[in-house]
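Side chains are part of it too, since the values below use all heavy atoms of this structure and drop only hydrogens, waters and symmetry mates. In this chain, numbering begins with 1 at the start of the sequence shown. In listed order, ligands and their atoms are each counted from 1.
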Amino acid sequence: MAKKLSEYAEVVGQDVLDELDAIAGRVRHKKLQNINSTAVGGGVAEILSRMVPLLQELGIEATWDVIKGNDAFFAVTKAFHNALHGTPEQITPEMFEVYRSTVEDNACTLAVTGDVVICHDPQPAPLIDLKPAAGRQWVWRCHIDLSAPQHDVWEFLRPWVERYDAAVFSMPSFAQELNIPQYLVHPSIDPLADKNKDLDAGFIGEVLNKHGIDPQRPVVTQISRFDRLKDPVGVMAAYRMAKRRYDCQLVLAGGGASDDPEGEQVLAEVQEQAADDPDIHVLLLPPFSDLEINALVRGSTIVMQKSIREGFGLTVSEALWKGKPVIGGAVGGIRLQVVEGETGFLVRSVEGAANRLMRLLGDRDLRERMGRNGHLFVKNNFLLTRHVKDYLLLMSALDHPQENVIHLG
Ligand code: UDP
């Protein structure tokens, strides 16, 4: 359910909403079209499902289209995703061809309606072929960590990327040498969404109970697609080490994304490895389990996001917002959100994660202090209202490509 703009005043203050309205006034004449490759699952779909309604409420004609592909296409784009994140992948000429021809098919059926068209991530990138000689402004919004991409995949994509009017990255270190302007926009969470809103203790208890989780003993949780780059097996290994000293439970909860074909296999591996310990709860969640995920995080003692590669990692902000300390892999955007020793700990190994887990399991005051810091840190940096403002400013900046400073006056 979309939230009324006015409801955000309680969280961020009326002045922030007034500012949004003023900036929106500069770009209301432009239609904004978003294009990505999945309507459900993963951070991009999560963000768009919250951002598009809010932009509409601000008077921007914002839309969201999803490109279509078969299993072969999504196997290729997942391999691209891994390779661009710097995990070696064997990409054959046939795979490049599957990618090119699938996006070409989409180009034949997709109606380009936006004055500003934002293509998210590599999957739809070649749609730039639809760019007419003049008129629309095209933005490539990259959500992944492109700091050390596999050469062949990046060089294959780069000619398309460089035909966009601008590229947007989540962190300065993700930016590439490109001949187009680049902008920095951090992702965000929606504090009023079912995923993040306040819940009453009774409901949280019901959800824990439904999954056989004991509320009296510490709960360590990672919410993620079952993806090797999220390292669920490493989380389990760290938990097992900590478990020797602390009687805790582990929740690994996640669903799939329609553009991620590896999930089933990773889930099967995780289930097999978890089978000998009744305190490990591997939960396969259907799409739209937002209230349940919210309750699982709120019912947790510590949240982990032990990714090996990560674009941003919305799950980190989602947990910090709920006052949970986060142990996160020291990669990608997790480094923006986990401030070492203040909102959580950054780790580089299973042993490091186990060590930090034990530290937190043994120190309630530290957990509470980090929880308070984390909530405030997200409030100041990673809420949807800030993200919407950045997109409105981006739309405005596209009209001033040669200017370093734009006076909004
Ligand atoms: N998520 C979900 N259901 C799941 C697993 C994850 O709704 O079963 C959500 C999670 O709460 C977060 C998003 O999907 O909002 C994942 O975004 P993130 O940036 O953490 O990772 P990505 O999946 O995009 O790599």
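Residue-environment remark: CD (Glu340) exceeds the threshold of 12 foreign heavy atoms within 6.0 Å. Remark: Glu97 CD is packed, more than 12 non-hydrogen atoms of other residues, nucleotides or ligands lying under 6.0 Å away. Counting heavy-atom neighbours within 6.0 Å of Gln90 CD, excluding the residue itself, gives a total of 12 or less. The number of heavy atoms from other shown groups lying within 6.0 Å of NZ (Lys68) does not exceed 12.
Which parts of ligand 1 touch Gly255 is read off a 4.0 Å heavy-atom cut-off, strictly below it: atoms 4 (C), 5 (C), 8 (O). Close contacts between ligand 1 and Lys230 involve ligand atoms 21 (O), 22 (P), 23 (O), 25 (O) [criterion: under 4.0 Å to a heavy atom]. Near Lys195, with a cut-off below 4.0 Å to any heavy atom, the atoms of ligand 1 are 2 (C), 7 (O), 9 (C), 10 (C), 11 (O), 15 (O).
The OG atom of Ser317 sits 8.0 Å away from atom CG of Leu383, with the distance rounded to the nearest 0.5 Å.
Under 4.0 angstrom from ligand 1, there are no non-hydrogen atoms of Gln305.
For Ile293, no nitrogen or oxygen atom sits less than 3.5 Å from a nitrogen or oxygen atom of ligand 1, counting backbone and side chain alike. Checking only distances, Val44 never comes within under 3.5 Å of ligand 1, N or O to N or O. Not one N or O of Leu285 is nearer than 3.5 Å to an N or O of ligand 1, by distance alone. Considering backbone and side-chain atoms alike, Ser224 places every N or O at 3.5 Å or more from each N or O of ligand 1.
The closest side-chain heavy-atom distance from Leu376 to Arg372 is not below 4.5 Å.
Classified by interplanar angle (parallel below 30°, tilted 30° to 60°, perpendicular above 60°), the ring pair Phe156/Phe96 is tilted.
Contact between Gly313 and ligand 1 is present, with at least one heavy atom of the residue lying under 4.0 Å from the ligand. Within the structure, ligand 1 lacks His143 among the residues with a heavy atom less than 4.0 angstrom away.
One option in Arg225, His85, Glu318 has a heavy atom closer to atom 23 (O) of ligand 1 than any other, and that option is Arg225.
Remark: Glu368 engages Arg364 in a salt bridge, criterion side-chain N to carboxylate O under 4.0 Å.
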